[in-house]
Structure formats: structure tokens, C-alpha cells
Amino acid sequence: GGNLTVSNLTFSGTGTINPAVTVSSGNTLAPGSVGGIGTLSSGATTAIAGTYACDLDAAASDGLVVTGALNLTGATLAVNALATPAAATYTIATCTTGITGGFTGLAEGATLTISGVNYTISYAAGGGNQVTLTKVAASGFTAWADANGATGQTVDQDHDTDGVKNGIEYFMGESGSGFTAMPALKTSINPRSEEFRANGAAMAALVQDLRDKVARAALGGDEAARAK
């Protein structure tokens with residue numbers, strides 16, 4: 001029984017807290033350990049008016065599990081990425097009897113950018129008992145980067161260190177595997193062949209004819225034209 005009120009501090013860790021939890025403004029609830037992923041369970045209604053600090057890595061996130069209601073009115077979400085996020089969905093909090101309110105500035109469906117990756121927040125998952133972050137479907141260069149191990153990188157970086165920038169590989173429609181440089185253009189022209197020499201002579205004759213016509217035009221045309 002009883003209540004636990006968090007004030008003037010940061011409350012973190014894993015395991016289960018049995019009393020109702022209230023995190024007042026200016027204070028922080030942070031499931032898990034510093035630099036690690038973990039779950040903190042509350043055995044009764046939990047209200048957060050301060051900061052909810054959540055770590056996540058490429059596959060999982062910290063989580064708050066509440067047996068009872070979760071009140072987020074006035075709460076602030078602080079997400080810390082331990083690695084570039086890649087999971088399709090992170091469930092950062094769950095409860096059993098519904099969520100009230102939401103994080104400041106993050107209404108249902110709002111987008112937040114985590115280490116260059118966009119996620120939308122929802123309070124409606126799990127029948128209105130879960131807070132989730134869902135990755136926004138990528139397009140263009142971002143989709144290419146996600147598919148080729150370059151998530152979060154820019155066009156000027158080189159995700160596979162092959163000497164070719166991401167932007168060039170994206171433009172060329174390449175993944176980078178086996179693509180290290182622009183291929184050489186091969187030619188079968190033989191400058192010693194009779195065909196090559198004949199073509200060269202024909203081109204020289206055309207050039208000379210053009211020069212003669214330009215010279216005549218400069219004089220006002222041929223003799224008949226100049227006699228008029």
C-alpha cells in the first residue's frame with residue numbers, strides 16, 4: 001500500500017514498485033540503467049508530470065509497465081539513442097486500465113526524429129494501453145539507406161568504405177556490394193585498319209569542303225554571285 005512520490009531526483013532501475021508512483025514536475029523517471037535497456041514495473045496507478053527518460057538501441061527500448069492507469073498529463077519525453085534506431089516499433093510504456101494525457105508537444109501521431117530516423121508516437125496501441133514509437137516508412141535516398149545498411153547516413157558518407165559515396169551508389173541504383181568504381185568503357189576501334197583510314201580521309205575531305213565554302217561566303221559567294 002501507500003504511494004511513492006519522486007521529487008528532486010531521478011528515479012531509475014528495473015524491477016517492480018508496488019505503491020502508486022507520482023513523478024512531479026522537474027523530476028525524472030528512467031527505467032533501466034544508464035546506458036542500458038531495462039523494464040521498470042509499477043504495481044499501481046502511475047502519474048508522470050516530470051520527464052520520462054527512455055533509452056533505445058537498434059532493436060529494443062526501455063519500458064514502463066503499469067498495473068493500473070498511466071497519467072502522462074504534463075509529462076516530457078526524453079529519448080536517448082544508444083545506437084541508430086532500426087526497429088519498426090518500440091513500446092516504451094504499457095498499462096492495464098488506460099492512458100490519460102500525453103507527452104508535451106507530442107500529440108497522437110506526432111513525429112519525432114531520433115538520431116536522424118523519424119518515428120510517430122501513438123497512445124492508442126494495445127486498446128489504448130500502450131505508448132508506441134513507430135518508424136515512418138522511408139522513401140527515396142532514405143529508403144535506399146535503410147535497405148543497404150546506411151541508416152542515418154548522408155549522401156556524402158560511404159557506408160561500405162568502398163571509395164564510392166552513398167549518393168553516387170543510390171543514383172546508380174547500386175547497393176555497394178561489388179561496386180567500387182565506374183567501369184572502364186571498352187572500344188574495338190583499330191586506328192591502323194583500312195576502314196579507319198578511309199573514314200579519316202572522307203572526314204578530312206568533308207572538313208576541307210566546309211572550309212572552302214566558308215571562304216567563298218566570306219568573299220560574297222562564288223564568281224556568279226559576286227558578278228551581280
Side-chain angles (χ1 to χ4, degrees), residues 1-138 151-152:
N3 298 320
L4 173 64
T5 299
V6 179
S7 59
N8 300 318
L9 51 78
T10 295
F11 188 85
S12 62
T14 59
T16 301
I17 309 167
N18 285 318
V21 177
T22 300
V23 180
S24 59
S25 178
N27 304 286
T28 301
L29 180 65
S33 59
V34 176
I37 303 300
T39 299
L40 181 65
S41 298
S42 171
T45 294
T46 297
I48 305 174
T51 298
Y52 178 61
C54 176
D55 289 340
L56 55 79
D57 59 22
S61 69
D62 287 337
L64 174 65
V65 178
V66 178
T67 301
L70 175 60
N71 189 340
L72 296 175
T73 303
T76 300
L77 177 62
V79 177
N80 175 47
L82 304 177
T84 301
T89 300
Y90 295 98
T91 301
I92 62 174
T94 65
C95 64
T96 58
T97 58
I99 299 170
T100 301
F103 294 111
T104 301
L106 294 173
E108 174 72 23
T111 300
L112 60 160
T113 301
I114 307 169
S115 290
V117 184
N118 290 332
Y119 279 79
T120 57
I121 192 166
S122 177
Y123 308 94
N129 290 318
Q130 295 179 346
V131 182
T132 58
L133 302 177
T134 300
K135 191 175 183 180
V136 177
T151 299

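Fair warning: this is a prediction, and the values are worked out from it, not measured in the lab.
Take Ala124 and apply the side chain to side chain contact (heavy atoms under 4.5 Å, CB included) test, not counting sequence neighbours, and it matches Glu108, Ser122. A search for side-chain hydrogen bond (donor to acceptor under 3.5 Å, both in side chains) contacts involving Ser42 returns Thr46, not counting sequence neighbours. Thr111 meets the side-chain hydrogen bond (donor to acceptor under 3.5 Å, both in side chains) test with no other residue; sequence neighbours excluded. Tyr123 is linked by a ring-ring contact (aromatic ring centres under 6.0 Å, His included) to nothing, counting only residues two or more places apart in sequence or in another chain. Among residues two or more places apart in sequence or in another chain, the side-chain hydrogen bond (donor to acceptor under 3.5 Å, both in side chains) test is passed with Thr151 by Asp146. Partners of Ser41 under the side-chain hydrogen bond (donor to acceptor under 3.5 Å, both in side chains) rule, at least two apart in sequence or in another chain, do not exist in this structure. Contacts of Ser115 classified as side chain to side chain contact (heavy atoms under 4.5 Å, CB included), with partners at least two apart in sequence or in another chain: Ala81, Pro85.
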For residues 57-67, please give each side-chain donor-acceptor pair under 3.5 Å, one per line with the distance, not counting sequence neighbours.
unit_1, atom_1, unit_2, atom_2, d
Asp57, OD1, Ala59, N, 2.9
Asp57, OD1, Ala60, N, 2.7
Asp62, OD1, Gly38, N, 2.8
Asp62, OD2, Asp55, N, 2.9

Side-chain donor-acceptor distances from residues 70-77 under 3.5 Å, at least two apart:
unit_1, atom_1, unit_2, atom_2, d
Asn71, OD1, Thr73, N, 2.9
Asn71, OD1, Thr73, OG1, 2.9

Only pairs under 3.5 Å count here: list side-chain donor-acceptor contacts from residues 94-103, not counting sequence neighbours, and write none if there are none.
unit_1, atom_1, unit_2, atom_2, d
Thr96, OG1, Gly68, N, 2.6
Thr96, OG1, Gly68, O, 3.4
Thr97, OG1, Gly68, O, 3.2
Thr97, OG1, Ala69, N, 2.9

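Rounding to the nearest 0.5 Å gives a distance of 5.0 Å between CD1 of Ile37 and CG of Leu82. To the nearest 0.5 Å, atom CD of residue Gln130 and atom CD1 of residue Ile92 are 11.0 Å apart. Atoms OG1 and CG, on Thr10 and Asn27 in that order, are 7.5 Å from each other to the nearest 0.5 Å. How far OG1 of Thr91 is from CG of Leu133: 8.5 Å, rounded to the nearest 0.5 Å.
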Is there a side-chain contact (heavy atoms from CB on, under 4.5 Å) between Val21 and Phe11? Walk through the geometry before answering. CA-CA 11 Å; Val21 177; Phe11 188 85; over 6 Å; no
Let's go through Thr39 and Thr14 carefully: what are the C-alpha distance in whole Å and the side-chain angles of both, what is the deciding distance for side-chain contact (heavy atoms from CB on, under 4.5 Å) to 0.1 Å, and is it a yes or a no? CA-CA 5 Å; Thr39 299; Thr14 59; 5.8 Å; no
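For residues 30-59, no residue pair satisfies the ring pair (Phe, Tyr, Trp, His ring centres under 6.0 Å) rule, not counting sequence neighbours. Sorted by first and then second residue, the ring pair (Phe, Tyr, Trp, His ring centres under 6.0 Å) pairs involving residues 72-99 (not counting sequence neighbours) are Tyr90-Tyr119.
Nearest heavy-atom pair across Ala44 and Pro19 is CB-C, 4.0 Å. Shown here for Ser12 and Gly32, the closest heavy-atom pair between the two residues is CB-O, 3.8 Å.
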